[in-house]
Amino acid sequence: MSVINQNKSVYLAEGQELVREPLVLGQPTMRDITARIASIVESKISPKYLLTLAFTLTMAAWGLFALYYTVTTGIGVWGLNNPIGWGWDITNFVFWIGIGHAGTLISAILFLFRQKWRTAINRSAEAMTIFAVICALTMVLTHTGRPWLFYWLLPNPNQMQMWINFRSPLAWDVFAVNTYFAVSALFWFVGLIPDLATLRNYVKSDIAKKIYGVLSLGWTGSTRHWHHYEIAYMILAGISTPLVLSVHSVVSFDFTVGILPGWHTTIFPPYFVAGAIFSGFGMVMTLLVIAREILDLKQFITLKHLDNMNKILLATGMMVGYAYGMELFIAWYSGSDWELWVFINRVMGDYAWAYWTMVLCNVISPQVYWFRKNRRNVPLMFIISIFVNIGMWFERFTIIATTLHHDFLPASWGYYSPTWVEVSIFIGTFGIFLSLFLLFAKFVPVIAIAEIKSIMPGAQPAHHHHEHESAKAGVTAH
Amino acid sequence: MTEAPVGIVGEFTDPNQVTKAAQAIRDAGYRQWDIHTPYPVHGLDKAMGVKRSMLTYISFGGLLFGISNALGIQYWMGAIDYPLNIGGKGFFDWQFSIPIDFELSILGTAIFTVIGLFHLCRLPTWYNRYQDDDSFKKATDDTFVVTIDSDDDRFSAETTQDMLRRLGAKNVHLVTATAN
C-alpha cells in the first residue's frame, strides 16, 4: 500500500477517487458542443445586440471624428505642452498594447504549460488581443502628428535617401508592435480554420455556407493535415511566448533608453510585462463575465475558469505591487537626488491622486482574491476587473506625466490635463474595440470548438493517457 | 455519363476503435486513404503511419530568413548606405540590433510556418471529392470518417468495404461521382 493512498483514505471513503473539477459542465456530447457554439452564428440578431452595437459604433464614430479633427488641424488641439510632450496618446497606446498581452499569454504560454482550461477562453482572448493592438496602432499613429507619413517609420527608400535610425527604441517599437499584430493575427486565424470548417458544415443558409467555406480554406479534418497543424500550432505558440515578453519590453525601452529620472530604470521591462498581463486579464475578465452571461456560455466558461483567472490576477497584481515598491526603494538606494526627487514627487506631488488611484486599484483591490469565495463571486470579479482596467491606465499615465511635468529646469515645470479631443479619442478606441468584439462574438466561433472537443473526457484513445498512467505508476513505486 | 467510384467512406465514433482500425488499414498496405476527425486524436497519425512533418525545417528556414534580413538591413542601411552620426553611437553594433533581430526572426518564423502549413495541407483547396457525402460532413462534428480512395492500388469496391465493416466502421458505403 502506498503512502499517498493511505493519506487519501483519511479524507476519502474506500474506493472513492479525487476527481478534478470538470472543465465543461453538463457532460455534453460532441454534437452538443458543435451545436451550442455554432448556433450562436445562426441565431437571430436580437434588438438588444443591435442596440449595443449601435451604442459602441456611436462611441467609435465620435472617436473617429476627434481623430479627424486632430489629423486635419494638428496635435495642437490636444492638451500637450512643453515640457509634457506625451500625454493620453502614449498612455492609451501602452494601455491598449498591454491589454493585448493576456490574449497571447492565454493562447501561447498556457498552451505550452498544458493548461487545459485555456481552451474555453483562448479564442476570445486572442480576438481581444488583435482588437486591442488595432487601438494601440491607432493611438501611436496619430501621436506622430502626421500619420499620412507613417511610412517614414519603416526602412523605406524615401526622397531624402535616408534610412530610419536603428539605434532608436522608437524604431524597435515599430518592428515589435507590427510583428506582434501580424503574428497574433496569423495565430488566431490558424486556430480558427478547423472551427470555420465546422461552421461551414453546420450552417444552413447558402451565403453563410459560402463565406465560411471560403474562410475555412477547404479544411477537411484530415489526420494527415492535423499532423502538420499541431506542429504549426506548437511552433506558433512557442514563438509567441518570447514575442509577448519582448513586445512590452520594447515598449518599455521607449522610456528606459531615455535618460529621464523615473524612466531610466532596469526594472521597466519585467515590470511592464507583468503589468501588461495583469491589465489584459482584467480586460478578459470584464468581457467574459458579460459574454458568458449574454451568450449563455456558462457551461464552457465555468466558475473554475474564472477562479483560475482571478488567481493569475492576484499573482500579477502582486508582481506589479512589488515593482512599485522596488521602484521607490531603488530611487532611494541609487543615491541620485534627481531620481529620489522624481519619486517623492510621484507619490506626493501634483499627480499623487493618480498614483494612489493606481495603487488602490492594482495592489489593494486584487487582495480580495486570497479567498476562494471571492474568486467565484461573479459580480465582485466584474467590479475588480474594472478597477484593474482603471488602475493600469493610471499606471501608464503616472509614469508618463510625473516624469515629464517637472523636468530638470524648474522654470519650465508645468501641468497637463487633456482636452475634449483626447478624451473623445480614448472613448473612440473603446468604441472600436467593443464593436469589433461584438461582431466577433456574433459571427466567429467564440470558443475553440475543436480544442474543447479534444479535452472532453473520452475524446482521446485510452492508451494515450500517459499522465494518468505515470501517476498511478508513481504511486505504486513508493 | 458513367458513375465512377471516388472511394469508400466509413464512420467511427470511438477513438480507441478508430486507432486500431487505422493500424489495420495501414498494415493492409493501403496508401491513398485518410481519417477525418473533428479534433486531433492523439496517436492517430502514428497509427496511420504518417511520416514526420517537414514543417519544422520550413519554420527554421523562416527564422534564418528573418534574422539575416534584420542584420542585413541594419548593417547595410546604417553602416554602408547612409551612415549617420547620432550621439556618437556606432553605425552598427550587435547590441542595439538585437530587438529588431529578434522581432524579425519571430516574424519570419511565423510567416514561413503558416505558408508551410498551407503548402503541406494544400490549403486553400475549395473542393473535395467527398464534399457532398453526408458521412464526410460529420467529420467536423462528432465522427471519425475513414476515406479510402479509389485510386489506391489495393482498392476494390467489395473487399475494402468488407474490411472496414470488419474493423467496426458504421455506415460503410461507396462514393461515386458522375464522370463524362
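We name chains A, B, ... by the order of the sequence lines, and we start the count at 1 in each one. What you see is a predicted model, and the numbers here were worked out from it, not measured in a lab.
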#### Entry: Minimum heavy-atom distance between B:D81 and A:W163, given as atom pair plus value
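Result for this residue pair: OD2-NE1, 2.6 Å.
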Segment of [X] engaging chain B (4.5 angstrom heavy-atom cut-off):
X      : value
A:V214 : both
A:P169 : neither
A:Y180 : neither
A:I452 : neither
A:A459 : both

### Message
Is it the case that the side chains of B:T140 and A:N201 hold a donor-acceptor pair, with the cut-off being a distance below 3.5 Å and no angle test?
### Response
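Side chains of A:N201 and B:T140: pair found under 3.5 Å.
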### Query
Side chains of A:T220 and B:H36: donor-acceptor distance under 3.5 Å anywhere?
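The answer is yes; a qualifying pair exists.
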### Query
To the nearest 0.5 Å, how far apart are CD in A:E451 and OH in B:Y39?
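Going from CD on A:E451 over to OH on B:Y39, the span is 13.5 Å.
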### Query
Which value, rounded to the nearest 0.5 Å, describes the distance between A:I239 atom CD1 and B:S59 atom OG?
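Interatomic distance, A:I239 CD1 to B:S59 OG, rounded to 0.5 Å: 7.5 Å.
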Kindly indicate whether the side chain of [X], heavy atoms from C-beta on, has any atom under 4.5 Å from the side chain of [Y].
X      : Y      : value
B:F92  : A:F166 : no
B:P40  : A:E230 : yes
B:D142 : A:T29  : no

